[in-house]
Amino acid sequence: MPHSTRSATGRLAGKVAVITGAGSGIGRTTARRFAQEGALVVAADLNLEEAQATLEGLEEVAIAVQTDVRDAAAIEAMIDAAVERFGTVDVFHSNAGVAEAVKPVGEIDVEEWETVIGVNLTAFFLCARAVAPVMRAHGGGSIIVTGSIAARRPRPGMAAYVASKSGAIGLARALAIEFAPDAIRVNAINPGPARTPMLKEFAFHDDEAETLRSLGDALPLGAIIEPDDIASAAVYLASDEAAKITGLVLNVDGGRDL
């Protein structure tokens, strides 16, 4: 197994982490934070160029792979690439996701519904199923899924998105019970409205700055969520500091759920 010559220090020192949706937003920030904390990182994204851009300057301790998380064979290949390069997978962050244009449920066609459910929920099932045997063989691991505070505090016109994220949270809790005997922890992070490229796809306002301002003002803490806020939560859940934490749904939402 190739090794980095860089000193492995930090809260994730020596851990191998795979992150999907790592080409932008929360995934990009989390991939970089994981590397800064000493992890060996596999940045997976449908857009390989964006995943490679995420790892600029980190090539010694990270690789980028192109992965369609709706494709079971592609997921298996992603896990195989991680094992071939780094020997195992200790942390898996199922972060890839898609938004939905705000509209009444009667205007959601079946294709859009299936896309949102496929990327936000079914992909998590496929990823967890693929990575669990690797973690089990190496004594355990940490699986994290990016949910959404929308699963707890829905807004009108987001039925498919809310359904997909609610399902992901439920699946995380089910897997936490199932995988516990193998020392595989499974937790979810519920971001509130975050400053990411995806936010504009919800189209709350035509003006992006107005969307950010209005959403931030609506939160008890009075500010939009930053990708680094989510990355900090992911670092904690991936680390040994969270060794006895599983089945947790951690809101990083500026108080939106209150």
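Residue indices begin at 1 and follow the sequence shown.
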Quiz item: Does any N or O in the side chain of S142 come within less than 3.5 Å of the main-chain N or O of L237, such that one atom is a donor and the other an acceptor?
Solution: yes
Quiz item: Hey, are the side chains of L46 and T67 touching, using non-hydrogen atoms and a 4.5 Å cut-off?
Solution: no
Exercise. Report yes or no: does N47 contribute a side-chain atom to a donor-acceptor pair with the main-chain N or O of E50 at less than 3.5 Å?
Key: yes
Exercise. Report yes if some heavy atom in the side chain of H93 is under 4.5 Å from a heavy atom in the side chain of V18; otherwise report no.
Key: no
Exercise. Please assess V235 against Q36 for the test side-chain contact (heavy atoms from CB on, under 4.5 Å), listing each intermediate value before the final yes or no.
Key: CA-CA 10 Å; V235 167; Q36 291 167 5; over 6 Å; no
Quiz item: For the side chain of E100 and the backbone of A160, is there at least one donor-acceptor N/O pair under 3.5 Å apart?
Solution: yes
Give every donor-acceptor pair under 3.5 Å between a side-chain atom in residues 243-250 and any protein atom, sequence neighbours left out.
{"from": "T246", "atom 1": "OG1", "to": "V186", "atom 2": "N", "distance (Å)": "2.9"}
{"from": "T246", "atom 1": "OG1", "to": "V186", "atom 2": "O", "distance (Å)": "3.4"}

Exercise. Kindly compute the distance separating NE2 (H138) from CG (D90), expressed to the nearest 0.5 Å.
Key: 8.5 Å
Exercise. Report yes or no: do I79 and V16 belong to one cluster of Ile/Leu/Val/Met/Phe/Trp/Tyr joined by side chain heavy-atom distances under 4.5 Å?
Key: yes
Practice problem: Check step by step if side-chain contact (heavy atoms from CB on, under 4.5 Å) holds for V41 and F86. | Solution: CA-CA 9 Å; V41 174; F86 296 124; over 6 Å; no
Quiz item: For the side chain of E241 and the backbone of Y236, is there at least one donor-acceptor N/O pair under 3.5 Å apart?
Solution: no
Quiz item: Are I75 and I143 connected, step by step, through hydrophobic side chains (Ile, Leu, Val, Met, Phe, Trp, Tyr) whose heavy atoms are closer than 4.5 Å?
Solution: yes
Quiz item: Taking side chain as C-beta onward, heavy atoms only, is E114 less than 4.5 Å from I117?
Solution: no
Quiz prompt | Whether S164 side chain and Y161 backbone form a donor-acceptor pair below 3.5 Å | solution = yes
Quiz item: In this structure, which one of N95, L171, T20 forms a side-chain contact (heavy atoms from CB on, under 4.5 Å) with F124?
Solution: L171
Quiz item: Are V83 and V131 connected in the hydrophobic side-chain network, where two residues link if heavy atoms are under 4.5 Å apart?
Solution: yes
Quiz item: Per the side chain to side chain donor-acceptor pair (under 3.5 Å) rule, which among R195, R33, R32 passes with D228?
Solution: R33
Self-check item: Cluster check F179, L126: I/L/V/M/F/W/Y, side chain < 4.5 angstrom
Solution: yes
Quiz item: Would a 4.5 Å heavy-atom cut-off, applied to side chains only, mark V42 and R85 as touching?
Solution: no
Exercise. Begin with the C-alpha distance, continue with both residues' side-chain angles, and end with the deciding distance and a verdict on side-chain contact (heavy atoms from CB on, under 4.5 Å) for Q66 and D45.
Key: CA-CA 5 Å; Q66 183 176 25; D45 201 275; over 6 Å; no
Quiz item: Taking the side chain from R153 and the backbone from R256, do they hold a donor-acceptor pair closer than 3.5 Å?
Solution: yes
Exercise. Report whether L175 and F125 are members of the same hydrophobic cluster (ILVMFWY, side-chain heavy atoms less than 4.5 Å apart, transitive linking).
Key: yes
Quiz item: For the atom pair CG (D253) and CG (L221), what is the distance rounded to the nearest 0.5 Å?
Solution: 8.0 Å
Self-check item: Check: A22 main-chain N/O paired with T54 side-chain donor or acceptor under 3.5 Å
Solution: yes
Quiz prompt | Pairs touching residues 120-135 that satisfy salt bridge (Lys or Arg N to Asp or Glu O under 4.0 Å), sequence neighbours left out | solution = none
Self-check item: Test item: F92 and I144 side chains (from C-beta on) under 4.5 Å apart, heavy atoms
Solution: no
Quiz item: Checking E59 side chain against G57 main chain: does a donor-acceptor pair fall under 3.5 Å?
Solution: yes
Quiz item: Under 3.5 Å, side chain of D182 to main-chain N/O of I184, donor-acceptor pair present?
Solution: no
Practice problem: Spell out, as yes or no, whether a donor-acceptor pair under 3.5 Å connects the side chain of E37 to the backbone of R11. | Solution: yes
Self-check item: Contacts of N251 that satisfy side chain to side chain donor-acceptor pair (under 3.5 Å) - sequence neighbours left out
Solution: N190, D257
Quiz item: Does K103 come within less than 4.0 Å of E112, counting only side-chain N to carboxylate O?
Solution: yes
Quiz item: Is there a side-chain contact between L40 and K15, using heavy atoms and a 4.5 Å cut-off?
Solution: no
